[in-house]
Amino acid sequence: MEIFKYLFFCKCKYVILYKKGMDMIRKIIENDRFLLSRIGVEATKDDMYIVTDLLDTFKQYDLICGGMAANMIGENKRIIIYKDEKDKVHEMANPVIVKTYGKPYETEEACLSLGKDIYRPTKRYHKIKAEYYDRFFNKRTKNFEALTAQIIQREIDHCNGIMI
């Protein structure tokens, strides 16, 4: 399949977009504290094209990645995607953790934005309740636990400008 490269200006940086057929695969922003530490802006219905770009980009990292946030592809919006325990990918716009259950546990996590095979310590909750909007901007509330909860907490940290 033929690959086309596109450049666009994104807050002092050029970001390369790869277009394969109809897919829009974005380059992961790596080690850029300026871009990655900004608090994400609330997403709107007009921002849902970012979900498609996140999904297309995520497909390239599916085997090594459990989730992705919009700021990782140069979009300062509160949008994330995550893979659940059944390997199904879901999206969340404006996600907020409204409740945590139990005490946090210590773990180590990696992030594509930090580079390959770099792990850092962090604390996570085994079970959380989150409020968010789906792709069609319907408001949802759901409980998550285990690895899915950990992934969602990691991606919400991205939305809040928190890097591990």
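As the structure is a computational prediction, the values presented were derived from the model and not from experiment.
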Closest approach of Ile50 to Ala70 (non-hydrogen atoms, all atoms of both residues): CG2-CB, 3.9 Å
Verdict with supporting geometry, Ile29 and Ile73, side-chain contact (heavy atoms from CB on, under 4.5 Å): CA-CA 6 Å; Ile29 305 296; Ile73 61 169; 5.9 Å; no
Evaluate the ring planes of Tyr132 and Phe144, with Trp represented by its six-membered ring, and classify them as parallel (under 30°), tilted (30 to 60°) or perpendicular (over 60°). tilted
Within a radius of less than 6.0 Å around CZ of Phe136, do more than 12 heavy atoms belonging to other residues, nucleotides or ligands occur? no
Kindly compute the distance separating CD (Glu75) from CG (Asp47), expressed to the nearest 0.5 Å. 7.5 Å
Nearest 0.5 Å, please: how far is CE in Met92 from NZ in Lys142? 8.0 Å
Minimum heavy-atom separation for Tyr101 to Asn143, with atom names? OH-OD1, 3.3 Å
Taking the basic N atoms (NZ, or NE/NH1/NH2) and the acidic carboxylate oxygens, is any pair closer than 4.0 Å for Arg124 and Asp157? yes
Are Ile156 and Ile80 side-chain neighbours, meaning at least one heavy-atom pair lies under 4.5 Å? yes
Do Glu85 and Leu147 touch side chain to side chain, with heavy atoms closer than 4.5 Å? no
Hey, does the side chain of Asn94 reach the backbone of Glu42 with a donor-acceptor pair shorter than 3.5 angstrom? no
If I take atom CD from residue Gln60 and atom CZ from residue Arg26, how far apart are they, to the nearest 0.5 angstrom? 14.0 Å
Would Ile28 end up clustered with Ile81 when hydrophobic side chains under 4.5 Å apart are linked, directly or stepwise? yes
Flag the pair Arg135 / Leu55 as yes when at least one side-chain heavy-atom distance between them is below 4.5 Å, and no otherwise. yes
side-chain contact (heavy atoms from CB on, under 4.5 Å), that's the test. Do Met68 and Leu112 meet it? Break it down for me. CA-CA 9 Å; Met68 196 171 280; Leu112 293 173; 4.0 Å; yes
Is there side-chain contact between Phe58 and Lys83, with at least one heavy-atom pair below 4.5 Å? yes
On a heavy-atom basis, the closest approach of Arg154 and Cys111 is NH2-SG, 4.2 Å
Ile118, CD1 atom: more than 12 neighbouring heavy atoms under 6.0 Å: yes
With a 3.5 Å distance limit and no angle check, can you tell me whether Asp134 reaches the backbone of Phe137 through a side-chain donor-acceptor pair? yes
What are the two closest heavy atoms between Arg78 and Pro95, and how far apart are they? NH2-O, 3.3 Å
Scan side-chain atoms only and decide if Gln150 and Tyr105 contain a donor-acceptor pair under the 3.5 Å cut-off. yes
Starting at OG1 of Thr122, measure out to CD of Glu109 and round the result to the nearest 0.5 Å. 5.0 Å
Donor-acceptor under 3.5 Å (Asn71 side chain, His158 main chain): yes
Is Pro121 close to Glu106 at the side-chain level, that is, under 4.5 Å between some pair of heavy atoms? no
So, Asn160 side chain and Ile162 main chain: donor-acceptor pair closer than 3.5 Å or not? no
Give me the atom names and distance for the closest heavy-atom approach of Asp84 to Lys86. OD1-N, 2.8 Å
Smallest heavy-atom separation, Tyr125 atom then Gly102 atom, equals CE2-O, 3.4 Å
Keeping Glu131 on the side-chain end and Val96 on the backbone end, is there a donor-acceptor pair under 3.5 Å? no
Walk me through whether Gln153 and Ile97 qualify under side-chain contact (heavy atoms from CB on, under 4.5 Å). CA-CA 8 Å; Gln153 289 170 82; Ile97 297 171; 3.7 Å; yes
Please assess Glu91 against Ile79 for the test side-chain contact (heavy atoms from CB on, under 4.5 Å), listing each intermediate value before the final yes or no. CA-CA 7 Å; Glu91 68 280 334; Ile79 301 172; 5.6 Å; no
Under a 3.5 Å distance rule, please check whether Ser113 uses its side chain to pair with a backbone N or O of Met72 as donor and acceptor. no
